[in-house]
Amino acid sequence: MPELPEVETVCRGMDKALRGRTIAEVHTHREGLRAPFPAKLAEKLAGKQIIHCRRRAKYIVAELDNGQNLVIHLGMSGQIFLMAPGHIYKQRKHDHLIMKFDDGSQLAFNDARRFGIVLLLDKSELETHPSFRDLGPEPLERSFTGKKLAQLLAGKKTDMKAALMDQRVVAGLGNIYVSEALFLAGISPKRKAGTIKGGEADALVSAVKKVLNAAIKAGGSTLKDYRQADGELGYFQHRFAVYDREGKPCPGCTCDVKKTRGITRIVQGGRSSFYCPRKQA
DNA sequence: AGTGTCGCCTGAATGC
DNA sequence: TGCATTCAGGCGACAC
């Protein structure tokens, strides 16, 4: 379940390992994932140099020296394995795309559930492609303020859970960090989105930035030795306040959890939300 | 246009 | 032990 912090961590690892590298060979082991791989992907990538790797929403964007961009979305279960030069590559189950580089580095895109996607886009398409066109603001940018969020939520009848999951409102949040941010801001996932404004909007934006930055920091510390061994990127240990903690006390809890039953799980739009009904109004 | 629901896919966890 | 069922969820497709 890679969300913004996990994708950011993967991008940083890829950038460090692959910036300036030239793609030597590409192999695909099936037709595609959620969508077919771009036609003649291996041919189109061979010989191109990677200028840098960056993130937009939950997409990894590797800019190539011909103006094209290799775009990877990890979906639900996608993982990137980076292997240092000299590492003997052993194919794992669900390794769907392999890239080899001029210095002997290798990258494997592994995705058990195949919800991931691979695109090859021109620079201009990073604005116009359906996957990018409607994306909302990056939550960690300065321009993402309480005022901005309140504008985006104005008039919305959906609940806050759905609103923050909507990539058109803000880009990069998923099920985990929506629960975490709403808890930190003291806002119920059931609140109608259009009612969030002023101080609450400010608090929510601060909470979003705080949970994302903390998670990125946690991910960064796991990156240290990523080029050793198999170089798995994308998942790291991170302690959550409410996510997947049904029935447990929330941080700073003073309740009698036996009576209050602690953190509550509800289903919204077919997805679990975790929250504290006593702290989140 | 905005909102809500479904299905894609596999593996881990759970139930009988 | 083994088989079946449930659940996880990003996101596009679709219905209303």
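Chain letters run A, B, ... following the sequence lines, proteins first, then strands; residues in each count from 1.
Here the C1' atom of nucleotide B:dG4 and the CZ atom of A:Arg168 are 12 Å apart, to the nearest Å. Rounded to a whole Å, the CZ atom of A:Arg92 is 15 Å from the P atom of B:dG11. The nearest whole Å value for the distance from the CZ atom in A:Arg113 to the P atom in C:dG9 is 9 Å. Look at NE2 on A:His96: it is 13 Å from C1' on B:dC8, rounded to the nearest Å. Atom CE in A:Met76 sits roughly 10 Å away from atom C1' in B:dT10 (whole-Å rounding). In this structure, A:Met165 places its CE atom 12 Å from P of C:dA8, rounding to the nearest Å. Summarising the geometry, the separation between NZ on A:Lys161 and P on B:dT3 is reported as 17 Å, rounded to the nearest angstrom. Atom P of nucleotide B:dC9 and atom CZ of A:Arg30 are separated by 9 Å, given to the nearest angstrom.
The side chain of A:Ala112 has B:dG11 as its nearest neighbour among C:dG9, C:dG10, B:dG11. Relative to the side chain of A:Lys93, the nucleotides C:dG10, B:dC9, B:dG11 differ in distance, and B:dG11 lies closest. Nearest to the side chain of A:Arg114, among B:dC9, C:dG12, B:dT3, sits B:dC9. Side-chain proximity of A:Tyr243 to the nucleotides B:dT3, C:dG9, B:dG11 is greatest for C:dG9.
Of the options A:Lys123, A:Gln49, A:His52, a side chain to side chain donor-acceptor pair (under 3.5 Å) to A:Glu63 is made by A:His52 and by none of the others. Paired with A:Glu8 under the rule salt bridge (Lys or Arg N to Asp or Glu O under 4.0 Å), one option of A:Arg54, A:Arg55, A:Lys217 passes, and it is A:Arg55.
Using the six-membered ring where Trp is involved, A:His73 and A:Tyr59 have ring planes that are perpendicular, over 60° apart on the 30 and 60° scheme.
Ion pairing between A:Arg21 and A:Asp102 holds under the 4.0 Å rule for side-chain N and carboxylate O. Salt-bridge formation is not detected for the pair A:Glu3/A:Lys58: no Lys NZ or Arg NE/NH1/NH2 atom is positioned less than 4.0 Å from an Asp or Glu carboxylate oxygen. Remark: A:Lys161 does not engage A:Asp159 in a salt bridge, criterion side-chain N to carboxylate O under 4.0 Å.
For A:Asp122 and A:Gln68, the side-chain atoms include at least one donor-acceptor pair closer than 3.5 Å.
Within the nucleic acid shown, A:Arg265 comes within 4.0 Å of sugar-phosphate atoms alone, with no base atom in reach, counting heavy atoms only.
For the pair A:His94 and A:Arg34, nearest-nucleotide mapping onto DNA chain B gives the more 5' position to A:Arg34.
Across residues 54-62 of chain A, A:Lys58, A:Tyr59 each have a non-hydrogen atom less than 4.0 Å from an atom of DNA chain C (numbered order).
Both the sub-6.0 Å distance and the 45° axial angle are satisfied by A:Arg92 relative to the ring of A:Phe81.
Dashed line: the shortest gap from a side-chain N or O of A:Ser131 to OP1 or OP2 of C:dC11 is not under 4.0 Å. At B:dT3, one or more side-chain N or O atoms of A:Lys156 fall inside 4.0 Å of OP1 or OP2 (strictly under the cut-off).
Once the 5.5 Å centre distance and the 30° plane angle are applied, the aromatic ring of A:Phe115 is found stacked with the base of B:dC8.
If you check distances only, the side chain of A:Arg271 does reach the base of C:dG10 with a donor-acceptor pair under 3.5 Å.
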